[in-house]
There are 2 protein chains.
Amino acid sequence: MSKSYIRHFNANAIFHRIRIEPNVSQRDIVARTGIDKSVVSSIINQFSELGLVERNPVATSNKPGRPMEGLTISPESGLIVGVQIEADTIGYVAAALDGIPLCSRAQAFDGKLDGVADLVGRGVKEIVGECGRAGDTLGVGISLPGLLTDEGMLLHAPVLGWRGVPVVDMFSEALDAPVFAGNDGKAAAMAEYMFGECIDIKDFIYLFSGSGVGGALFLDGDIYRGASGLAGELGHIKVVPQGRYCSCGASGCLSPYLSEPGLAEEIGRLTGNRPTSFKDIMERADAKDEVVVGVLDNAGAVLGSAISSLVNIFNPPLVCLGGDMASAEPYLRPAVERALQRLAHPSMSVQTKVIFSQLSTVSPFLGGVALALDGVTGLDSPHVLP
Amino acid sequence: MSKSYIRHFNANAIFHRIRIEPNVSQRDIVARTGIDKSVVSSIINQFSELGLVERNPVATSNKPGRPMEGLTISPESGLIVGVQIEADTIGYVAAALDGIPLCSRAQAFDGKLDGVADLVGRGVKEIVGECGRAGDTLGVGISLPGLLTDEGMLLHAPVLGWRGVPVVDMFSEALDAPVFAGNDGKAAAMAEYMFGECIDIKDFIYLFSGSGVGGALFLDGDIYRGASGLAGELGHIKVVPQGRYCSCGASGCLSPYLSEPGLAEEIGRLTGNRPTSFKDIMERADAKDEVVVGVLDNAGAVLGSAISSLVNIFNPPLVCLGGDMASAEPYLRPAVERALQRLAHPSMSVQTKVIFSQLSTVSPFLGGVALALDGVTGLDSPHVLP
DNA sequence: CGATATTTTTCTTGTTATGAGAATAATTGA
DNA sequence: TCAATTATTCTCATAACAAGAAAAATATCG
């Protein structure tokens, strides 16, 4: 373990503190992180000189003594851009250093590898121009639906059909800013930790649904990647013995019961009228289509069973559900709760809160912002979250 | 993050290297750990001065240049004692610093909290005398069937009926050596990592059976304890919807299908002749008692289902099965393999090896040794593995 | 047999972090 | 205005890593 790592670690912890609790004092940072006051002072100075952190006078406290300085992330100091590459679209969001999104857009994408670097290069330039904010682009985070190595190589992205692409190098050439790449599910979980419902929760399990079901294990304050980077692919937890076939080739996975295509197919099979989008599904449910409500209830039961297993294994304080399923909360939650009641270890489930997070629908593409922010704060070279 | 932590971390890594690969050179330690050569040299010197590590001349290599020095853990340098407290017995083992057990014994125990510190104090003194080896007792590790806090407080041990016992303080008073306490399942997993089948494997899932079923998650080179220390209680994974009742109050847990009492009860129910011990069960199985073989096969299927879930969640390179069930490998493995084939994600299960480890039956009570060794190596004060 | 090349380990020197405590700065209340 | 109080910065000591030179120990070649 190197010496610079500990500075990096402490810098990250302090930045995180300031971001989640604007206007903290150095004294409180010391109290909450346990880092020595000299070290906090020194790191704050460094951030301050770089213009990343501002010192604000704080309203009088009616207490004797030197008043504290409120510390905030300086919003003017630079931009972070998040890019999310999916099968048919590429999403962009520009955000200030505090993670607050300034503007976002999405463009159609044919999924072709050829020319994607230039495409993203132009897209990033445009979104930066569009938000009309001065300041350097401090980092670009790219969220990808596939498995990445520590060295920034995309090993395999099934929905894109890409294999063995050195994404960090490729996008770095086109981008003129530090590039940070990562798996979409893990990036989304980081976004929940940094900006969302899981803010500052050191241990939680994240699940999201969309065209598939993904997830991440957030353990001891960091994403757990596992020996081969596949850990946390929670869409493939087995939930129904000899159940539906999954695109992965196995049967009984969670994914075909909860993903948009899986739900649509089941509804189509039962009604002869296949929904065209998740929004379509929700509209039918809101119109009290009993078949749709029933399919969603069943999905909730299956989801609840998967969550029960996770609760019994991790005893997490929080399970966070994001993506499409967050908007289906009214239809899913009852079944999820029933399953938890029935299947999870009582002494464990009492400690676990299950929440539906709208973060990814309200502010899409923040996964990339989380990736980049995590990298930028440590003041070191581009790296990867596989 | 403190400065001393990084020395501790590096010291531990280097010691571990020497233990698992006796006669390594400093050069190879540098190559394998990435720690700088100066640092390795400095830490080796420190270990050498303390008498913990020896430098051995190595047989000529027929290569030019200064020959390497082989480094080994000095077995004479001191003793580690492992203590394992169970419902009806207390086990002791004395081991050299390299973890090799010198002698062990067990004594009957009435489970009463009163006087247990003195009892263990005498027991440790006796085992140290018995093994007839000079040298200080460098550490005593105590493995307990319950949940512990970071501060060395045993919160709750159901099988002992103990609650809120400050075990580290209590045993420290009676023991005249640094005391390290920890949960039995987690300690056993550490023993597998340090001395057993999982040696040097940074990510694995550990399951063991005995009077109950426990386990541990070994992730990124360390036990994952979770927010409340309950993580890894794998005996309570739900495997059979509306299944057998578990002592924890829930139903469908793994534990009643795989633990000795669970198996005995089922065999007793089917044959009218309840086995009195796990050995008894094994003898009947070896005598081709078809009911017993069938019950074990069913246990294997249930176990396989639990392992499948774990594989899909963690994608671990290794799943290690210990305790009683290790001796039942011939009767369990076929069903486990069948379940894995059927339930686990194919692209994940191909990366996972499932092994049965005899470590805890061949050399019992090593969990405590692992606890103590882990603490002693870092050269710091007594602590706890909750 | 001696010189040289080679390999491993240690030493020297430099840089950077943390950590403890003194000093300074900025405020309130008497 | 002066003490009391509180927050932050500064100073100095200590410890750790890091890079490279130096030393130690051996094999091989002439």
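Values below: all heavy atoms of this structure, side chains included; hydrogens, waters and symmetry mates excluded. Every chain is numbered from 1 and lettered A, B, ... according to where its sequence line falls, protein lines coming before strand lines.
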Please pick, from [options], the nucleotide with the shortest atom-to-atom distance to any side-chain atom of [X].
| X | options | value |
| --- | --- | --- |
| Asn10(A) | dA7(D), dT18(C), dT10(C) | dT18(C) |
| Val39(B) | dT9(C), dC17(D), dT8(D) | dC17(D) |
| Gln26(A) | dT27(C), dT8(D), dT10(C) | dT8(D) |
| Lys37(B) | dG20(D), dT27(C), dC17(D) | dG20(D) |
| Ile6(A) | dT9(C), dT18(C), dT10(C) | dT18(C) |
| Asp36(B) | dA19(D), dT9(C), dA26(C) | dA19(D) |

Distance below 4.0 Å between Arg66(A) side-chain N/O and dT9(D) OP1 or OP2: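 Arg66(A) to dT9(D) OP1/OP2: no side-chain N or O under 4.0 Å.
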
dC17(D) phosphate, OP1 or OP2, under 4.0 Å from Arg7(A) side-chain N/O: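 Arg7(A) to dC17(D) OP1/OP2: no side-chain N or O under 4.0 Å.
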
Atom CG of Asn56(A): over 12 foreign heavy atoms under 6.0 Å: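 Yes, the 6.0 Å shell around CG holds more than 12 heavy atoms from other groups.
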
Atom [atom1] of [X] to atom [atom2] of [N]: distance rounded to whole Å?
| X | N | atom1 | atom2 | value |
| --- | --- | --- | --- | --- |
| Asn56(A) | dT8(D) | CG | C1' | 16 Å |
| Ile35(A) | dA20(C) | CD1 | P | 14 Å |
| Arg27(A) | dT9(D) | CZ | P | 15 Å |
| Asn45(A) | dT18(C) | CG | P | 13 Å |
| Ile43(A) | dT16(C) | CD1 | P | 15 Å |
| Phe9(B) | dA16(D) | CZ | P | 16 Å |
| Tyr5(A) | dA18(D) | OH | P | 14 Å |
| Ile44(B) | dT9(C) | CD1 | P | 9 Å |

Any N/O donor-acceptor pair, Ser38(B) side-chain to dA16(D) base, under 3.5 Å: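 Side chain to base: no pair present.
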
Close side-chain approach of Lys202(A) to Phe218(A), heavy-atom, < 4.5 Å: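 No, every pair of side-chain atoms sits at 4.5 Å or beyond.
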
Contact check, side chains of Ile80(A) and Leu138(A), non-hydrogen atoms, under 4.5 Å: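 Yes, side chains in contact.
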
Basic-acidic side-chain contact under 4.0 Å: Asp200(A), Arg17(A):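 Counted as a salt bridge, because a side-chain N and a carboxylate O are separated by less than 4.0 Å.
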
Qualifying residue for side chain to side chain contact (heavy atoms under 4.5 Å, CB included) with Leu148(B), from Val168(B), Leu155(B), Val167(B):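 Exactly one candidate clears the test, Val167(B).
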
